[in-house]
2 protein chains.
Amino acid sequence: MIDSDEIMTIRQMCEAYDVTPRTLRFYEAKELIFPVREGQKRLFTKRDRARLKLILRGKRFGFSLEEIRQLLELYHVGDQQQTQLQATYDVAQERLADMERQREELGEAIEDFKEQMDWLHKVIASQAEPRDAAE
Amino acid sequence: MIDSDEIMTIRQMCEAYDVTPRTLRFYEAKELIFPVREGQKRLFTKRDRARLKLILRGKRFGFSLEEIRQLLELYHVGDQQQTQLQATYDVAQERLADMERQREELGEAIEDFKEQMDWLHKVIASQAEPRDAAE
DNA sequence: GTAAAAGTTGACGTTAACGTAAAGGGGACG
DNA sequence: CGTCCCCTTTACGTTAACGTCAACTTTTAC
């Protein structure tokens, strides 16, 4: 497994996750990932890879990088105070509700789409065999 | 119901769907909707409203306007030939598979997120009552 | 009849999310 | 020692999806 290695270079990351160096640097600039430095060179840890996976997943769902950054903050939970933790939990619950709503809506969209396809299928079938059994 | 009226002006559309005139004109320019003209003015039909709903829905799922336009084409199915219809159906099936994959992945994301929240909940609980029953 | 409201067409501005090109450091190799 | 190769920073370019503003016509209200 690629992920079992502790650290990776930028090029290894790019090949593993199909992104460009520019994209990784951009994500670092936006504080979505935090590669460590060996001199000047970036080295990506397991944590960065986990974050990158979540970033790419979030993008597929249509989240902006800023929204994703806020979601990643919820995953972090560093040395927060009790009240902060509770606040984090509350926000997380809202995000969760958002995601579940989105899943439901996606379900509706899929059902609608299937209906259209069924209708289309009938059109094709009826047009394919206009005659019953003649000839 | 708003949608029961046959045609609507641009302003009515904007209020009904919470978009700006610019957005509707932009969608027309991109051939996503086709308002009819009364002189110079645009009038939006039931068909445009149905399309707009799909556009806004698609956007929430992270589709680009170009992807949405192609999806809308699948909904249209005008005066196509038999072979074209079949091709349309095939493409539709791929799109459907894409959407179902996205739904599954969203499900995974939700489960992962819930796990994190459960863990967070435990941290909060254990930190709230560090003592058993003393005092 | 005229003034406000609503609509139109350009055309330039803006933001997000990178792409791309220039200029240069550092170490491995023949 | 020179020359790749990989990496770096800096900086300008690009595309999508509109926002915004100017200049004008048309309709509606009084």
Side-chain angles (χ1 to χ4, degrees), chain A residues 2 5-45 48-49 51-73 95 98 102, chain B residues 2 5-45 48-49 51-73 95 98 102:
Chain A
I2 279 170
D5 299 304
E6 190 48 35
I7 58 174
M8 289 171 64
T9 72
I10 199 168
R11 196 140 306 266
Q12 290 174 320
M13 288 288 287
C14 293
E15 286 174 14
Y17 297 99
D18 193 34
V19 294
T20 69
R22 171 66 173 137
T23 297
L24 293 176
R25 295 190 192 109
F26 185 75
Y27 289 169
E28 183 189 14
K30 293 282 175 157
E31 298 184 88
L32 290 161
I33 53 182
F34 307 96
V36 297
R37 296 304 175 106
E38 186 189 58
Q40 200 175 29
K41 295 180 179 174
R42 293 173 178 80
L43 290 178
F44 298 81
T45 69
D48 294 312
R49 293 194 287 278
R51 285 180 154 253
L52 181 55
K53 282 186 206 169
L54 288 176
I55 294 167
L56 298 177
R57 185 152 80 175
K59 288 201 63 184
R60 269 172 259 136
F61 299 146
F63 292 130
S64 72
L65 292 186
E66 175 54 23
E67 288 171 328
I68 292 170
R69 197 188 58 73
Q70 292 175 21
L71 281 175
L72 285 173
E73 273 183 10
R95 293 307 115 219
D98 289 348
Q102 186 167 349
Chain B
I2 278 169
D5 299 307
E6 190 49 36
I7 57 173
M8 289 170 64
T9 72
I10 199 168
R11 196 139 305 262
Q12 289 174 321
M13 289 289 286
C14 293
E15 286 173 15
Y17 297 99
D18 193 33
V19 293
T20 69
R22 171 66 173 139
T23 297
L24 293 176
R25 291 195 267 263
F26 184 75
Y27 289 168
E28 183 188 14
K30 292 284 174 157
E31 298 183 87
L32 291 161
I33 52 182
F34 307 97
V36 298
R37 297 303 176 106
E38 186 190 59
Q40 201 175 27
K41 296 183 178 172
R42 292 172 178 80
L43 290 177
F44 299 81
T45 70
D48 294 312
R49 293 193 288 276
R51 285 182 153 251
L52 181 55
K53 282 185 204 168
L54 288 176
I55 294 167
L56 298 178
R57 186 153 79 175
K59 288 201 62 184
R60 267 172 260 137
F61 299 145
F63 292 129
S64 71
L65 291 186
E66 175 55 24
E67 288 171 327
I68 292 170
R69 197 187 58 75
Q70 291 175 22
L71 281 175
L72 285 173
E73 273 183 10
R95 293 306 114 219
D98 290 347
Q102 186 168 351

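Letters A, B, ... are given to chains in the order of the sequence lines, protein chains preceding strands, and every chain is numbered from 1.
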Show your reasoning for whether side chain to side chain contact (heavy atoms under 4.5 Å, CB included) applies to A:K30 and A:R69. CA-CA 8 Å; A:K30 293 282 175 157; A:R69 197 188 58 73; 5.7 Å; no
Of all heavy-atom pairs linking B:L24 and B:C14, the shortest is CD1-SG, 3.9 Å
A:K41 and A:T9: side chain to side chain contact (heavy atoms under 4.5 Å, CB included), yes or no, with the steps? CA-CA 8 Å; A:K41 295 180 179 174; A:T9 72; over 6 Å; no
Over 12 foreign heavy atoms within 6.0 Å of CD, B:E66: yes
Gap between atoms CD and P, on B:Q12 and C:dA5 respectively (whole Å): 18 Å
Shortest non-hydrogen separation from A:F61 to B:Q102 and the atoms involved: CE2-O, 3.8 Å
Does a side-chain N or O from A:T9 land closer than 4.0 Å to OP1 or OP2 of D:dC7, or not? yes
Nucleotide by nucleotide, 5' to 3', does protein get under 4.0 Å of the base (B), only the sugar-phosphate (S), or neither (-) in nucleotides 8-26 of chain D, counting heavy atoms? BB-------BBBB------
